[in-house]
Q: 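I am attaching a structure below and will ask some questions about it afterwards.
Numbered from 1 within each chain, the chains take letters A, B, ... in sequence-line order.
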Amino acid sequence: MKQTFTKKMWRETGSAYFLLSPALFVLLLFIIGPIVFAVFLAFHKVQLLGTTSFEFVGLDNFARIANDTRAKIALWNTLKYVAIVVPCQTILALVLAATLNAGLKGQKFFRIVYFLPTLTSSAVLTLIFMWMYNQNGFINHVLEAVGLPTYNWLGDPDVALNAIMIMNIWSTAPYFMVIYLAALQDIPDSLYEAAELDGANAWQKFWHITVPYLRPVTSFVVVMGLIGTFQLFDQSYIFSAGSGGPNNSTLTVVLLIYQYAFKTLGTMGYAAALAFALAIIILIATLIQRKLSKEESLY
Amino acid sequence: MGKTKWMATLGIATLLFGSLLAGCGGEKSEQANGGNKQGEKVEVTLAGWGGNPSEQKLLQQTIDDFEKKHPDIKVKYEVIADQYMDVIKTRLSGGQGPDVFYLDAFEAPALIETGALEPLDEYVTDEFDIDDFEKPMLDAFKGEDGKIYGFPKDYSTLALFYNKKMLEEAGVEVPKTWDELREAAKKLTKGKDVYGFGVAPELARLYYIAESKGGKVVTDNKASFADSKVVDALQPIVDMHLKDKTAAQPNEVGATWGGEMFGQGKAAMVIEGNWAIPFLQDTFPNLEFGTAELPTINGKKATMAYTVAYVMNKDSQKKEAAWKLISYLTGKEGMKTWTSKGYALPTRKSVAAELGFDKDPLRAALVAGAPYATVWQNGTNLPIIVNNFNNQFVSAFLGERPLADALKEAEKTANSEIESQ
C-alpha cells in the first residue's frame, strides 16, 4: 500500500501535537530533561557550590564505583533486602487476597483494615515503628512476655535491616493484595465448580486454579516490588538519621546516592553515576524476572 | 510503596533540574536588585537551626534590639528544622542562599574552600574588637588564605555530668581521672537497669580521647586513626562496654541521646555539653546533678569545644546590611543578650567576664575547659573521616570485631574515598 501524506493529515498531526504540547512540555521539563541532565552529570566532575564547574571525566565516576567499599556494602544490603522482601510481600499479598476473597463474613471490613497501612505516609510509619522498636518499646515487651529474646532493633547492626524489612513487608503487602483481589474477581466461578465436581479440596483449588490464573498479575507485582525495593530510601534514611548506620547496616544504594549528592561536596557527578548504575541493575533484574516468568502480557 | 519511590526519584530529579533553573533565575534577580535606593528598608535573611523555645525567644529579642538600632534593616529569620547543612548547600548552589547563616566549625573548612562564603576581614572595624574573641574559636573560621569567614556566636565544651544521689549511694567521689571513672562506673552499675557511664560511640565525642596518647586521628587531611596509639587510647571505652559492662550507648536503654539517658536515671555519669543543662532542668526538674571538668588522661586535661559562627553568603546582594547584622549579633551587646541566660556560652572574653559563668555552679566546669579544649574541626575531609570512623567504631563497641581491625578497615575506606574525590 502506498502511503501519502496529504495536507489534511499534516494539519491533523500538527493540531494533535499542538494539543499535546502542554503535556509534552511538562514531560520534557520534569522527566526527560532531568534524565538527560543526570546522564550528563554522570560523566562529569561537578562542583555546584561557590564557583560552579563541570569537568568532563569520561568513565572515571563509573570506575570509582568498583573501588568504593561503601558502594559494595550498599549494593549488598539492597540485594539482601530485595531477595527477602519481594518474595515475602508477594506471597503474603496473595495469601491475604485469597483469604479475603473466600466469602468470609465481614471481609469488606477486613479489606479496609488490611489496606490502611498503605495509606499511611511511609515517614510517619517509620517514626511509629522506630518508637515500637525502641529498646523499651512495644515489640520488645511483647517478645519478652511470650518468652522470646529481645533485640536492640535500632542499634544492633545485625538486626537493623531486618527491622526495616519487617516493617516494609507489613506496609507494602496490602497494596499488592488489592491488585490480587481485583484479579481474583476475574477468575470464572465455573473453573472452581468444575474442580469441585472432580473432588478438589480448597488447597488444590488454590494451587491449581488461583495461582496459575494469577501468574500475569504475580509478574506485575514482582516487577513493581523489585523496582520499589531496589529504591529503598526513606525508611533507612529515617531509621539511621541519614547515616546508613549502625555500621553501614542500613546503607542502601539510594541512600548512598543521596549522601554523595547532597552531603559531601563536589560528588554530584559520582552520585549521578551511581544512580545510572542502579537504573541498569533494576533493568537487568526486571529482564531476568520476565525471562523466568515467561509472561509478557499485561504490562 | 513502588509509587512513592517513583515519586521520590522524580522529586530528586526535579530538584536537580530545579536548582539549575533556580540558579539562572537567581542571577537575573540579583541584577534587578542591584542598587538599593536610599531610605528603602533592606530585608536581610538569617537562617539557622531551631533551638528550644527559650533560646528562640532570646534570639528574637536580640534581633528586635538590632532592628530598633537599625530602622532601615529588617531581619527575616528562617528556621531550618532538619538536615541543616543539606538544605544550606542546596540553597547556596541554587543561588537562593540566605544572606547570613549559622555554620558549625566542623563544616567550615569544606564550605570555605568552595568559595561560597564572603571573607569578612574588610568589614571589621576597630570598634568590633576582634581580639576579644577566644582565639581557638575564631581560628576555626579562618580559611587557608588566613582570612576570617565567620565570627563564632557561642560555643560549648564537654563536661562530666553526674547524678548526685547515685554517687552518694554508691559512696563514690566525682572521678578526677579516667582510671577513677572506670572504677566508679563499676560501683555505680546495677545490672542492665543503671549503667555507670553513658557513652556516645562517635568521633565527635571521642576525638580528645583518641588523641590523648599521642596518636593523630587526621594527618595531612587524611584518616590516620588506625595508629596503635589511637587504638590504645580508645580501647578502655570498648572494654568498659564489653568487659566491665559498666558503659552503654543511649539506644541500648531506649534513649536517643546521652542527656535523655542520664535524665531517665539509666546512666549515673555522662559526658555532655552546655546544651544538656537547660534540657535536664526543663525535662527532669527533680534530678539532682552536678558537673565537673572531664577526668584527666595520663594526667593531662582535655575536652572538646563545639562552636558555631555567623557567616555571610558571597552571593548576597545586601552585604552591608548583612555585615551590620553579623557585627551586632557577635558584637559585645548582641552576644551579651544572646548568652545572658546561659543557653550558650559567649565566645567574647569581655562578655564572659561580665556574665560570670565561670562562677555558675553548673557551667563553671564547661567554662574551665575552654582554654585546653580541642575545637571540633580538622580539615576539609573530616566529615568523610567521621562517617567511616563512626560506622566501624560501633561494630567494635558492640563486640563484633577487635577495635584495631575495625579502625584499620575504616581508615582504608575513608582514605580511598578521599583519594577518589
Q: Can you tell me which portion of B:L117 sits under 4.5 Å from chain A's heavy atoms? Options are side chain, backbone, both or neither.
A: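 Neither part, no heavy atoms under 4.5 Å.
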
Q: Can you confirm whether A:F43 is buried at CZ, in the sense that more than 12 heavy atoms of other residues, nucleotides or ligands lie under 6.0 Å from that atom?
A: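 Buried by this count: over 12 neighbours within 6.0 Å.
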
Q: So which of A:N168, A:T126, A:T250, A:T252 actually passes side chain to side chain donor-acceptor pair (under 3.5 Å) with A:Q235?
A: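 Only match with A:Q235 under side chain to side chain donor-acceptor pair (under 3.5 Å): A:N168.
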
Q: What part of B:V394 is in contact with chain A, defined as an atom under 4.5 angstrom from a non-hydrogen atom: side chain, backbone, both or neither?
A: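 Contact with chain A: side chain only.
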
Q: Examine whether an atom of B:K89 lies under 4.5 Å from a heavy atom of chain A, and if so say whether it belongs to the side chain, the backbone or both; otherwise answer neither.
A: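 Both parts, backbone and side chain.
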
Q: Need one label for A:Y260: side chain, backbone, both or neither, based on atoms under 4.5 Å from any heavy atom in chain B.
A: side chain

Q: Between B:S416, B:G254, B:A410, B:A116, which has the largest tally of heavy atom pairs under 4.5 Å with chain A?
A: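 Option with the greatest count: B:G254.
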
Q: Step by step, work out the ring-ring contact (aromatic ring centres under 6.0 Å, His included) result for A:F276 and A:F62.
A: CA-CA 9 Å; A:F276 197 77; A:F62 293 94; 5.7 Å; yes

Q: Which bit of B:E400 is near chain A, if near means a heavy-atom gap under 4.5 Å: side chain, backbone, both or neither?
A: side chain

Q: Given B:N251, which of A:N134, A:D156, A:N152 fulfils the side-chain contact (heavy atoms from CB on, under 4.5 Å) condition?
A: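 Of A:N134, A:D156, A:N152, side-chain contact (heavy atoms from CB on, under 4.5 Å) with B:N251 is met by A:N152 alone.
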
Q: Pairing donors with acceptors under 3.5 angstrom, does anything connect the side chains of B:S316 and B:D99?
A: yes

Q: Output the option from B:K412, B:E113, B:E417 having the highest count of non-hydrogen pairs under 4.5 Å with chain A.
A: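 Result: the option with the highest number of such pairs is B:E417.
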
Q: Within the distance-only criterion (no hydrogens, no angle test), does the side chain of B:D145 pair as donor or acceptor with the backbone N or O of B:K147 below 3.5 angstrom?
A: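 Side chain of B:D145 to backbone of B:K147, a donor-acceptor pair under 3.5 Å: yes, one is there.
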
Q: So what's closer than 4.5 Å to chain A heavy atoms on B:N390: side chain, backbone, both or neither?
A: neither

Q: Is B:K222 salt-bridged to B:E419, going by a charged N under 4.0 Å from an acidic O?
A: yes

Q: Against chain A, label B:E107 side chain, backbone, both or neither, depending on which of its atoms sit under 4.5 Å from a heavy atom there.
A: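 It is neither, since no heavy atom gets under 4.5 Å.
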
Q: Check whether A:A241 gets within reach of chain B through its side chain, its backbone, both or neither, counting any heavy atom under 4.5 Å.
A: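 The backbone, not the side chain.
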
Q: Would you say the side-chain atoms of A:D234 and A:S122 include a donor-acceptor pair closer than 3.5 Å?
A: yes

Q: Below 4.5 Å, heavy-atom pairs only: which of A:I257, A:D158, A:N248 has the largest tally toward chain B?
A: A:N248

Q: For A:F40, is it the side chain, the backbone, both or neither that has a heavy atom under 4.5 Å from a heavy atom of chain B?
A: neither

Q: Can you tell which part of B:K192 gets under 4.5 Å to a heavy atom of chain A, answering side chain, backbone, both or neither?
A: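 For B:K192, neither part sits under 4.5 Å from chain A.
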
Q: May I ask you to name which of B:A255, B:G115, B:S395 has the most heavy-atom pairs under 4.5 Å with chain A?
A: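 The option with the most such pairs is B:S395.
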
Q: Kindly indicate, with the supporting measurements, whether the criterion side-chain contact (heavy atoms from CB on, under 4.5 Å) is fulfilled by A:Q231 and A:T78.
A: CA-CA 8 Å; A:Q231 295 179 351; A:T78 311; over 6 Å; no

Q: Counting only heavy atoms closer than 4.5 Å, note whether B:I384 contacts chain A via side chain, backbone, both or neither.
A: side chain

Q: At a heavy-atom separation under 4.5 Å, does B:D86 approach chain A through its side chain, its backbone, both, or neither?
A: both

Q: Taking B:E411 for the side chain and B:K408 for the main chain, is one N or O donor matched with an acceptor at less than 3.5 Å?
A: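 Not confirmed, B:E411 side chain does not pair with B:K408 backbone.
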
